[in-house]
Amino acid sequence: MSSAFLTTPIYYVNAQPHLGHAYTTIAADTYARHMRQRGEDVFFLTGTDEHGDKNARVAAELGMTPQDFVDRNSAAFRRMTDDVLATPDFFIRTTDPGHIAYVQDFLQALKDNGHVYEGVYEGLYCTGCEAFYKEDDLVDGLCPDHGTKPEWLQESNWFFRLSAFEAPLLAHYDANPGFVSPASRFNEARSFIQGGLEDVSLSRASIDWGVPLPWAPEQTCYVWFDALLNYRSAMSYARPDEDLAPRYWPPRWQLLAKDILKFHAVIWPAMLMGAGMALPERLMIHGYLTVRDAKMSKSVGNVLDPFAVIDAYGVDALRYYLLRDVRFGGDGGISYEAVHERYHAELANDLGNLVNRVVAMVGKYTDGRVPAGACDPAITAAVETAREAVGRHTGEMELTEALEAAWEVVRALNRFVEERAPWTLAKDPGRADELADVLYTLADGTRACAVLLAAFLPVSAPRILAAVGAGDALGWDEATAGRLAAGAAVAGEGPLFPRVEEPLGGAPS
RNA sequence: GGCGGCGUAGCUCAGUUGGUUAGAGCAGCGGAAUCAUAAUCCGCGUGUCGUAGGUUCGAGUCCUACCGCCGCUACCA
């Protein structure tokens with residue numbers, strides 16, 4: 001049994017969970033569920049990033065301790081994870097004692113290996129923000145938040161010798177063309193490295209809410225170093241009685257949005273190199289969900305509220321829509337109107353109605369029992385083709401393509417119904433054998449669809465199996481024609497995807 | 001400014017290493033069928049493949065210029 005470790009970024013708790021967070025989590029969960037179907041030993045990690053000055057400041061404004069503040073906000077992300085039916089094997093928090101201890105050990109190792117040195121960070125500092133600014137970020141030379149003139153300040157920091165990893169990183173990129181997907185992101189990261197790397201500071205002197213450096217406790221670890229290490233620290237304490245690293249490290253896939261590419265594709269692998277650890281096998285960089293006909297907006301999360309979609313259409317609809325309407329990896333426009341259209345055209349009409357009509361025909365023509373019959377060769381072949389394609393595409397994180405491949409079977413089955421017209425066969429007692437073959441093919445093919453789609457539609461797939469009397473066998477071996485037992489009792493329980501009258505939304509503010 | 005990418009049917013997009021009549025889904029129009037959530041199935045597209053040149057026996061697919069759009073150009077989570 002092979003192992004598959006995959007991660008989402010850990011989400012910064014200063015914001016409320018929104019569509020972007022849900023998107024990454026849903027994609028990762030789909031992969032995790034699929035690989036579990038295939039019998040792999042999966043470890044799916046997600047969680048929250050909780051240190052940093054911003055949290056401390058907001059907590060103070062609210063009259064809370066930083067810990068109380070991040071406890072509250074982390075819980076919201078935990079709920080989001082549950083709401084989209086994600087199934088992480090561990091939900092990490094960077095305030096976990098186990099994580100903090102690991103970060104300190106890792107930094108010490110990095111220093112012992114000679115990759116850390118003391119230096120001076122200089123820059124324009126706003127005392128109101130307690131943060132450094134670059135000249136480009138200033139407005140007329142003044143702090144954009146406070147309108148005050150920042151002062152030139154020096155701060156003693158500890159630095160990570162990132163520049164030393166320029167050549168090793170390039171070598172790694174050249175030896176592993178699949179390291180970053182899609183290829184355009186690979187090129188972007190590689191050319192950034194080739195353009196020359198500067199050392200980066202890994203500590204802050206003025207921020208208390210963070211992990212103290214073991215050798216200089218008056219400084220705290222820069223939040224990005226802290227955050228990136230979650231992927232590795234989880235291995236050390238997620239299971240109190242087991243070091244998971246030998247079993248799962250390195251990650252097979254790390255998912256992230258394009259805005260945090262550099263941290264993951266440059267600094268993170270360099271950190272691991274510095275500690276002598278294996279690098280993640282592949283990074284999957286997905287794009288932004290944008291509002292149709294509008295520029296990218298920070299408020300996109302509010303423009304399409306994932307929780308409203310779940311309430312109106314169900315969680316499977318949200319998962320399906322996001323992975324289907326926007327090619328995974330690229331940017332794409334989304335809208336409530338498009339949710340509404342795809343829900344009805346594909347989930348309700350193509351798939352839901354297929355299940356409904358198959359159950360109805362078995363009920364009407366063979367007394368609710370799937371007759372013994374032979375699978376139609378064309379459907380058998382379609383299932384086999386889809387099984388290969390869905391497996392291959394999902395493995396490559398081509399989740400949109402995987403859905404398209406599965407849908408070929410749905411379409412083939414609807415076509416098959418029309419071609420064979422069971423209602424005509426049922427009128428002729430002499431064609432009972434033919435009717436049996438057709439109904440068996442339909443019930444079994446519908447069952448196979450559910451298996452193919454189980455990772456994408458975790459609520460609906462088991463319902464489909466129940467509807468055609470297939471029990472609960474969702475293993476990947478079941479994604480083959482002819483596995484349905486003759487005599488199975490169908491059980492229609494109403495529309496799988498009931499029609500929704502009014503689309504959500506209207507004009508967002 | 002530098003590096004990179006994009007611009008294909010009304011809409012969203014596919015189009016391997018250049019090669020016969022440029023494709024899919026949706027929408028639209030016409031038809032069939034009635035098992036089904038009026039859900040399905042079949043048929044229908046004269047598209048200057050951004051513009052102008054070039055290479056080639058042959059280019060959406062390579063080269064040049066131009067127009068338009070976008071991404072990256074480092075630590076402020």
Side-chain angles (χ1 to χ4, degrees), chain A residues 9-15 48-55 94 121 123-126 129-134 137 145 157 159-160 162 183-185 187-204 207 209-210 222-227 258-263 266-267 287-288 292-293 295-296 324-327 330-333 338 341-342 344-365 400-401 404 407 411 413-426 438-439 442 492 494-500:
Chain A
I10 49 174
Y11 304 120
Y12 197 61
V13 293
N14 192 46
T48 47
D49 179 14
E50 307 186 4
H51 287 129
D53 189 48
K54 197 171 277 187
N55 287 328
T94 55
Y121 186 89
L124 292 163
Y125 186 84
C126 171
C129 300
E130 297 182 19
F132 284 93
Y133 280 95
K134 301 191 67 175
D137 297 328
D145 287 346
N157 282 152
F159 282 74
F160 173 53
L162 182 63
S184 55
R185 299 296 168 198
N187 294 334
E188 190 177 311
R190 192 189 179 286
S191 59
F192 178 80
I193 296 165
Q194 195 162 31
L197 297 178
E198 295 173 15
D199 295 340
V200 293
S201 62
L202 59 66
S203 72
R204 291 294 132 93
I207 292 170
W209 183 239
Y222 172 48
V223 283
W224 261 112
F225 278 75
D226 176 4
K258 62 184 185 179
D259 56 331
I260 51 177
L261 170 67
K262 261 180 304 184
F263 297 102
V266 180
I267 296 178
Y288 285 147
R292 288 256 162 97
D293 300 324
K295 300 275 186 190
M296 174 57 203
R324 179 66 187 80
D325 203 35
V326 177
R327 190 163 298 276
D331 291 348
E341 283 174 21
R342 284 207 185 270
H344 289 97
E346 295 171 10
L347 291 177
N349 297 353
D350 289 346
L351 179 60
N353 185 54
L354 171 68
V355 175
N356 213 31
R357 69 200 304 207
V358 168
V359 167
M361 287 188 283
V362 171
K364 195 169 290 189
Y365 304 143
T400 307
E401 288 84 346
E404 287 173 346
W407 229 253
R411 290 201 162 98
L413 288 167
N414 274 319
R415 212 177 300 131
F416 186 74
V417 174
E418 303 298 327
E419 287 168 355
R420 306 301 292 271
W423 48 91
T424 302
L425 300 177
V438 169
L439 292 183
L442 287 171
L496 210 54
F497 302 102
R499 306 192 76 75
V500 176

- Query: Ser191(A) or Val417(A): which one's nearest nucleotide on RNA chain B is closer to the 5' end?
  - Reply: Ser191(A)

- Compare the minimum distances between each of A74(B), U37(B), A39(B) and the side chain of Phe192(A), then state the nucleotide with the smallest one. A74(B)

- Determine the Euclidean distance between corresponding C1' atoms of A9(B) and G5(B); express it in Å to zero decimal places. 24 Å

- Give one of base, sugar-phosphate or nothing for Arg204(A), where a contact means two heavy atoms less than 4.0 Å apart. base

- Earlier contact from the 5' end, RNA chain B, for Ala360(A) and Ser184(A): Ser184(A)

- Item | Integer angstrom distance from the C1' of A32(B) to that of A39(B) | 16 Å

- Any donor-acceptor pair under 3.5 Å from Tyr288(A) side chain to Gly330(A) backbone: no

- Message: What's the closest nucleotide to the side chain of Asn414(A) if the choices are A33(B), A74(B), U40(B)?
- Response: U40(B)

- Query: Please give, in whole Å, the distance from C70(B) P to Tyr288(A) OH?
  - Reply: 15 Å

- Item | Distance in angstrom units between Glu401(A) CD and G15(B) C1', rounded | 13 Å

- Where the side chain of Leu496(A) is concerned, which of U37(B), A36(B), G25(B) is the nearest nucleotide? U37(B)

- Closest to side chain of Glu188(A), choosing from U37(B), G71(B), C35(B): G71(B)

- Task: For A36(B), take OP1 and OP2 only and decide whether either is under 4.0 Å from a side-chain N or O of Lys364(A).
- Result: yes

- If we call it a pair only when both distances are under 3.5 Å in a Watson-Crick or G-U wobble match, what pairs with C66(B)? G50(B)

- Query: Can you tell me how far P in C57(B) sits from the matching atom in G45(B), rounded to whole Å?
  - Reply: 35 Å

- Task: Could you tell me whether the side chains of Trp407(A) and Asp350(A) share a donor-acceptor contact shorter than 3.5 Å?
- Result: yes

- Message: In this structure, how many angstroms lie between the C1' atom of C42(B) and the CZ atom of Phe416(A), rounded?
- Response: 17 Å

- Message: For a 4.5 angstrom cut-off between non-hydrogen side-chain atoms, does Tyr365(A) reach Leu439(A)?
- Response: yes

- Task: Give a yes or no on whether the backbone of Phe160(A) and the side-chain of Ser201(A) come within a donor-acceptor separation of less than 3.5 Å.
- Result: no

- Query: Partner of A33(B) by Watson-Crick or G-U wobble geometry, both contacts under 3.5 Å, or none?
  - Reply: none

- Item | Nucleotide paired to C3(B) in any strand shown, Watson-Crick or G-U, under 3.5 Å | G71(B)

- Classify the nucleic acid contact of Arg411(A) as base, sugar-phosphate or nothing, counting any heavy atom under 4.0 Å across all strands shown. sugar-phosphate

- Task: Measure the distance from CH2 on Trp407(A) to P on C26(B) and round it to the nearest whole Å.
- Result: 12 Å

- Message: Rounded to whole Å, please give me the gap between CG in Leu347(A) and P in U40(B).
- Response: 13 Å

- When we call it a touch if two heavy atoms are under 4.0 Å apart, what does Gly196(A) touch: a base, just sugar-phosphate, or nothing? base

- Do you know which two heavy atoms are closest between Thr400(A) and Arg324(A), and how far apart they sit? CG2-O, 3.6 Å

- Message: Mind checking if Leu261(A) touches a base, just sugar-phosphate, or nothing, with heavy atoms under 4.0 Å?
- Response: nothing

- Item | Listed nucleotide nearest any side-chain atom of Arg499(A), set A39(B), A36(B), C41(B) | A39(B)

- C44(B) to A24(B) separation - C1' atoms, rounded to the nearest Å: 16 Å

- Sidechain-backbone polar pair: Asn356(A) side chain, Pro495(A) backbone, donor-acceptor under 3.5 Å: no

- Find the partner of C44(B): check Watson-Crick (N1-N3 plus N6-O4 or O6-N4) and G-U wobble (N1-O2, O6-N3) distances, both under 3.5 Å, and reply none if neither fits. G28(B)

- Message: By nearest atom, which of the nucleotides A39(B), A36(B), A74(B) is closest to the Asn356(A) side chain?
- Response: A36(B)

- Query: Between atom CG of Asn14(A) and atom CG of Asn55(A), what is the distance when rounded to the nearest 0.5 Å?
  - Reply: 5.0 Å

- Task: Select one nucleotide: of C35(B), C13(B), U37(B), the one nearest the side-chain heavy atoms of Arg327(A).
- Result: C13(B)

- C1' gap between G7(B) and G60(B), integer Å: 12 Å

- Message: Taking the P atom in each of C11(B) and U55(B), what is the distance between them to the nearest angstrom?
- Response: 34 Å

- What is the nucleic acid contact for Tyr365(A), judged by heavy atoms within less than 4.0 Å: base, sugar-phosphate only, or nothing? sugar-phosphate

- Query: Does any nucleotide pair with U61(B) by Watson-Crick or G-U wobble geometry, both distances under 3.5 Å, and what is it?
  - Reply: none

- Task: Measure from the side chain of Asn353(A), starting at C-beta and using heavy atoms only, and say which of G25(B), C35(B), A36(B) lies closest.
- Result: A36(B)

- Message: Considering every strand and a 4.0 Å limit on heavy-atom distances, what is the contact class for Phe497(A): base, sugar-phosphate, or nothing?
- Response: base

- Note on the structure: When rounded to whole Å, the CD to P distance for the pair Glu341(A) and A39(B) reads 13 Å

- Message: Taking G25(B) as the reference, what is the distance to C62(B) when you measure between their P atoms (whole Å, please)?
- Response: 27 Å

- Over how many whole Å does the gap from Leu354(A) atom CG to U37(B) atom C1' extend? 12 Å

- Nucleotide nearest Asp350(A) when distance is taken to its side chain, options U37(B), U40(B), U34(B): U40(B)

- Query: Would you say Arg415(A) reaches C42(B)'s phosphate, i.e. side-chain N/O to OP1/OP2 under 4.0 Å?
  - Reply: yes

- Item | Whole-Å distance separating the CE atom of Met361(A) from the P atom of A36(B) | 9 Å

- Query: Nearest heavy-atom pair of Leu442(A) and Met361(A): which atoms, and what distance?
  - Reply: CD1-CE, 4.1 Å

- Query: Hey, is the side chain of Asn349(A) poking within less than 4.0 Å of OP1 or OP2 on U40(B), counting only N and O atoms?
  - Reply: yes

- Do side-chain atoms of His344(A) reach the backbone of Phe497(A) as a donor and acceptor pair under 3.5 angstrom? no

- Message: Please name the nucleotide paired to U17(B) by Watson-Crick or G-U wobble geometry with both distances under 3.5 Å, or report none.
- Response: none

